[in-house]
Amino acid sequence: MTGRPAPAVLPSPLRTWLGLIAALAALVVVALGVLYAGHDEPGRVDRWVIQPTADSVRPPWRRVALATDFLGEPAGAAMLVVAAVAGCLLLRRPRAAVFIVAGAAMAVGTTKVLKPMVGRTIHDGHLSYPSGHTASLTALALMVALLAAGRLGLGRTAGASLVRAAALVAGAAMGWAQVALGAHYPTDVLGGWCTALAVIPATAWLVDRTADAGRREPS
């Protein structure tokens with residue numbers, strides 16, 4: 001029996017554009033990783049942006065930074081993922097729910113794999129490249145924007161604008177918090193942001209391909 005096909009999590013008008021963005025983002029992640037491999041201090045670009053310290057921001061903005069930082073912690077990130085998955089299930093979009101879980105896991109997992117490979121450290125030897133917090137929040141924002149673009153039937157221009165805005169806002173917010181709290185160098189944040197841009201389109205394509213292949217199998 002053939003039912004109505006489940007909506008794709010990667011809207012067709014955005015596939016080519018997102019594929020190019022993902023490829024460029026992956027190149028940036030690799031280039032920065034090679035450039036700062038084994039470093040334990042800020043680079044020239046980092047110092048140009050801000051001299052990383054543990055007290056770059058004062059109250060009341062420090063509380064804002066800490067609240068934003070929490071959204072990238074395991075408990076905060078899990079809370080956001082659960083809320084997004086619940087929303088997908090309420091809308092009867094199980095494929096989207098799988099995408100949220102898979103995308104979040106891939107974004108965080110990729111940063112955890114890259115950190116010991118690059119070996120860049122900050123304060124007391126903590127591995128810092130790329131920023132997992134930035135990758136996590138950017139990934140979730142990207143996924144929600146992609147699902148919204150597909151559900152609203154947005155074309156390439158409007159869909160790309162929505163996805164771009166979501167990625168920029170989430171990345172900038174978490175990136176600011178990480179640098180302000182002295183947890184990451186600015187280039188760590190850029191690496192985390194690009195990690196999400198590289199991983200999420202690939203995950204969306206894989207989820208769609210797997211789900212569609214399953215539908216085509218004979219019962």
Side-chain angles (χ1 to χ4, degrees), residues 9 18 21-43 45-46 52 54 65-85 97-144 146 166-167 170-207 210:
V9 295
L18 280 172
I21 294 296
L24 289 173
L27 288 175
V28 172
V29 172
V30 172
L32 290 176
V34 171
L35 182 62
Y36 293 109
H39 286 209
D40 59 358
E41 59 183 19
V45 174
D46 300 310
L66 288 170
T68 305
D69 174 76
F70 173 73
L71 298 178
E73 292 291 321
M79 177 183 69
L80 293 177
V81 169
V82 168
V85 168
V98 171
F99 175 45
I100 293 291
V101 174
M106 286 296 294
V108 174
T110 301
T111 63
K112 288 188 177 297
V113 169
L114 289 175
K115 282 183 177 181
M117 291 178 62
V118 175
R120 190 187 197 189
T121 58
I122 196 171
H123 309 310
D124 301 321
H126 294 291
L127 294 172
S128 66
Y129 181 89
S131 166
H133 281 62
T134 307
S136 176
L137 191 63
T138 303
L140 186 61
L142 269 173
M143 291 187 287
V144 171
L146 282 172
M174 184 59 78
W176 165 78
Q178 295 307 295
V179 174
L181 294 172
H184 284 283
Y185 304 116
T187 43
D188 294 335
V189 167
L190 178 58
W193 187 66
C194 287
T195 297
L197 292 178
V199 166
I200 295 306
T203 304
W205 177 83
L206 184 60
V207 168
T210 302

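Atom set for the values below is all heavy atoms of this structure, side chains included, hydrogens, waters and symmetry mates excluded. Residues: numbered from 1 along the sequence shown.
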If we ignore hydrogens and angles and just use 3.5 Å, is the side chain of Y129 paired with the main-chain N or O of V29 as donor and acceptor?
yes
Side-chain atoms of residues 98-119: list all donor-acceptor pairs with protein atoms under 3.5 Å, sequence neighbours left out, distances to 0.1 Å.
from: T110; atom 1: OG1; to: M106; atom 2: O; distance (Å): 2.6
from: T111; atom 1: OG1; to: V108; atom 2: O; distance (Å): 2.7

Nearest 0.5 Å please: distance from the CG atom of L127 over to the NE2 atom of H184.
10.0 Å
Partners passing side-chain hydrogen bond (donor to acceptor under 3.5 Å, both in side chains) against S131 (at least two apart in sequence or in another chain):
T134
Applying side chain to side chain contact (heavy atoms under 4.5 Å, CB included), name anything that partners W176, two or more places apart in sequence or on another chain.
V57, W61, V64, A65, A180
Is the closest side-chain heavy-atom distance between H133 and L71 below 4.5 Å?
no
Indicate yes or no for a side-chain donor-acceptor contact from D40 to the backbone of G125 under 3.5 Å, with no hydrogens or angles considered.
no
I need the T121 OG1 to H39 NE2 distance, nearest 0.5 Å.
10.0 Å
Test side chain to side chain contact (heavy atoms under 4.5 Å, CB included) applied to A97 - qualifying residues, sequence neighbours left out
V85, C88, L89
Test side chain to side chain contact (heavy atoms under 4.5 Å, CB included) applied to A202 - qualifying residues, sequence neighbours left out
none
Side chains of residues 188-200: which donor-acceptor pairs under 3.5 Å do they make with residues two or more places apart or in other chains?
from: D188; atom 1: OD1; to: R120; atom 2: NH1; distance (Å): 2.9
from: D188; atom 1: OD2; to: S128; atom 2: OG; distance (Å): 3.0
from: D188; atom 1: OD2; to: Y185; atom 2: N; distance (Å): 2.9
from: W193; atom 1: NE1; to: A167; atom 2: O; distance (Å): 3.0
from: T195; atom 1: OG1; to: G191; atom 2: O; distance (Å): 2.7

Hey, could you give me the CG/CG distance between L18 and L142, rounded to the nearest 0.5 Å?
8.0 Å
